[in-house]
Number of protein chains: 2
Amino acid sequence: MEANRPDTVTRILDVSERLFVEHGFEATSLRMITQQAEVNLAAVNYHFGSKDALFEAVFTRRLGPLIEACLAELDVLEGNKEGPTAEGLVMTFIRPCLSLSKDPARGGALFVRLLSRTLVENHRLLRESLSQQYSEFAQRYSVAFRQALPELSLETLSWRMHLAFGVMFNAFAGNDVLKIFMRSQIVSARDPEMIVKHLVPFVLAGLTSPVQE
Amino acid sequence: MEANRPDTVTRILDVSERLFVEHGFEATSLRMITQQAEVNLAAVNYHFGSKDALFEAVFTRRLGPLIEACLAELDVLEGNKEGPTAEGLVMTFIRPCLSLSKDPARGGALFVRLLSRTLVENHRLLRESLSQQYSEFAQRYSVAFRQALPELSLETLSWRMHLAFGVMFNAFAGNDVLKIFMRSQIVSARDPEMIVKHLVPFVLAGLTSPVQE
DNA sequence: AGGTGTTTGAAACTTACGTTTTAATTTGAC
DNA sequence: GTCAAATTAAAACGTAAGTTTCAAACACCT
């Protein structure tokens, strides 16, 4: 057929990624996917086994490299003489997200939105398979943030990391709470450069704010 | 039958609220709802018309009062002589959320989670019906934050409000990004008092952080 | 008590879903 | 070119979904 038309598996993954983000897992039918991917209905079950397995495949295709990129950035940062700073740590997460968001070949910002959706939906995939698979990720960041912000108690630091990663994920996913209420939403809310420009100072301020007594 | 057993409509709403949060709109069937609510299957369509209308009813039952409570807090704050502070403004939103979260009779923290889920899922209900219905909410906060933080440019302020409301919603919804990766999640992540203790300083720091050049 | 409008109950209807099956087609090695 | 394996195509299967129907039960007013 055509030269640069991706193969069946890739076409299914690409279309699924987009549709899962747009409509969610449950509301996306295999017939929608196979129709838009221009493949036969049975192709999904043939190549992936089930709709659940397809979802996992869509997910792991992007998450693995993203985590790897963060860990690689952490390696570089920890190679420096002086210990990691909060800003340096935040950027080890921001940069891979930004890179992913700007690369259409890797799904652009789609995957971060999918990740965000899946998180909120509390999928069993995240609770079971992935949680222990990427436990190194959280472990490394926990240790590094303890070094970068030693003046914070363990409880406070855990909470701030929780809040910081939450707001970062949300920002990259383009989740705009205020858009429900506002007619004029932020026009640049999904421009990756703009995200970083405003997100990083916000997160850093929250992370490094002096503890209240 | 029993004395304090709520009527059919209320039982349906209560069960729906919980199930929509747990499984999402699409994955929650009317048969699940009517079974747990101990009402007939046809009762949903009789009282609400459709599953979509039921969802809207579940939603508006809580959102209206929550918005009203925020606006009432804003009224009080704006009645003071000196203009509103960022902290005062944040608290006008935090207090009603906290109050809702602590009140089981009003669904406790369930509704905030439903709101968060619905936001991320980008339901048409939020895009269409509710957006203009509660536009006063965003309008009032926009004006008030402009007064409280006059040194920020309009762009920066919009972004910070966007990020601040995002992290506040997320915190109250108990969305824990790191829980995918960590075995030991924050145990207190859904204790309302703990949320406020750590959330408010974080958000305030982000909102009032000096602008970078 | 009788009668009217409202609510509930049980069943069926239509549709769409994920999956399976079987045959046709294509691919790749010898 | 041939044959076996892998892939695609088309159709059907069983199930569960939202909705509708219609009769029975209930509530309320005079």
Side-chain angles (χ1 to χ4, degrees), chain A residues 1-61 114 117-118 121 123-125 128-129, chain B residues 1-61 114 117-118 121 123-125 128-129:
Chain A
M1 309 292 178
E2 293 185 24
N4 16 356
R5 192 192 202 201
D7 63 3
T8 302
V9 171
T10 305
R11 282 213 307 285
I12 292 175
L13 286 174
D14 288 343
V15 171
S16 301
E17 185 171 59
R18 181 168 49 79
L19 291 181
F20 283 153
V21 169
E22 283 177 16
H23 308 106
F25 176 76
E26 304 284 350
T28 302
S29 71
L30 294 184
R31 284 168 175 84
M32 291 167 61
I33 293 171
T34 53
Q35 208 167 312
Q36 295 199 23
E38 296 179 76
V39 302
N40 190 267
L41 171 60
V44 169
N45 284 282
Y46 175 76
H47 286 286
F48 298 96
S50 68
K51 190 187 175 187
D52 279 287
L54 166 64
F55 183 74
E56 183 160 352
V58 168
F59 219 86
T60 53
R61 177 173 67 147
L114 178 62
R117 256 197 102 126
T118 311
E121 287 177 2
H123 268 268
R124 48 198 167 332
L125 172 64
E128 295 160 10
S129 323
Chain B
M1 306 288 181
E2 292 185 24
N4 16 357
R5 193 191 201 204
D7 63 4
T8 302
V9 171
T10 306
R11 282 213 308 284
I12 292 175
L13 286 173
D14 289 343
V15 171
S16 300
E17 184 171 59
R18 181 169 49 79
L19 291 181
F20 284 154
V21 169
E22 283 177 16
H23 308 106
F25 177 76
E26 304 284 350
T28 303
S29 71
L30 294 183
R31 284 169 176 82
M32 291 166 62
I33 293 171
T34 53
Q35 208 167 312
Q36 296 199 22
E38 298 178 74
V39 302
N40 190 266
L41 172 60
V44 169
N45 284 281
Y46 175 76
H47 286 287
F48 299 96
S50 69
K51 190 187 177 188
D52 279 287
L54 167 63
F55 182 74
E56 183 160 353
V58 168
F59 217 86
T60 53
R61 176 172 69 147
L114 178 62
R117 256 197 103 126
T118 311
E121 287 176 4
H123 267 268
R124 48 200 167 331
L125 171 65
E128 295 160 11
S129 322

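Basis for what follows: all heavy atoms, side chains included, without hydrogens, waters or symmetry-related copies. Every chain is numbered from 1 and lettered A, B, ... according to where its sequence line falls, protein lines coming before strand lines.
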message = Categorize A/Thr34 for me: base, sugar-phosphate, or nothing, with a 4.0 angstrom heavy-atom threshold over every strand shown.
response = nothing
key: Length of the line joining A/Asp52:CG and C/dC17:P, which is rounded to integer Å   = 16 Å
key: Whole-Å gap separating P (D/dA9) and NE2 (A/His47)   = 10 Å
inquiry  = At less than 4.0 Å, is any side-chain N or O atom of B/Thr8 found next to OP1 or OP2 of C/dT8? Yes or no.
reply    = yes
key: Distance flag, aromatic centroids of A/Phe59 and A/His123, threshold under 6.0 Å   = no
remark   = Of A/Gly49 and A/Met32, the one whose closest nucleotide on DNA chain C sits nearer the 5' end is A/Met32
key: Polar side-chain atom of B/Lys51 near backbone of B/Ser29 as donor-acceptor pair, under 3.5 Å   = no
message = Tell me the interatomic distance from B/Asp7, atom CG, to C/dT6, atom P, rounded to whole angstroms.
response = 16 Å
key: Between C/dT22 (P) and A/Asn45 (CG): distance, integer Å   = 16 Å
request  = Figure out the CG/P separation between B/Leu41 and C/dT7, and round it to whole Å.
outcome  = 18 Å
side-chain N/O B/Ser29 vs D/dA17 OP1/OP2, d < 4.0 Å = yes
message = Rounding to an integer number of Å, can you tell me how far A/Leu30 CG sits from D/dA12 P?
response = 20 Å
inquiry  = Just the rounded figure in Å: distance from P of D/dA11 to CG of A/Asn40.
reply    = 10 Å
query = What's the CD-P distance between A/Gln35 and C/dC17, to the nearest Å?
reply = 10 Å
ask   = Is there a side-chain contact between B/Glu121 and A/Glu121 (heavy atoms, below 4.5 Å)?
value = yes
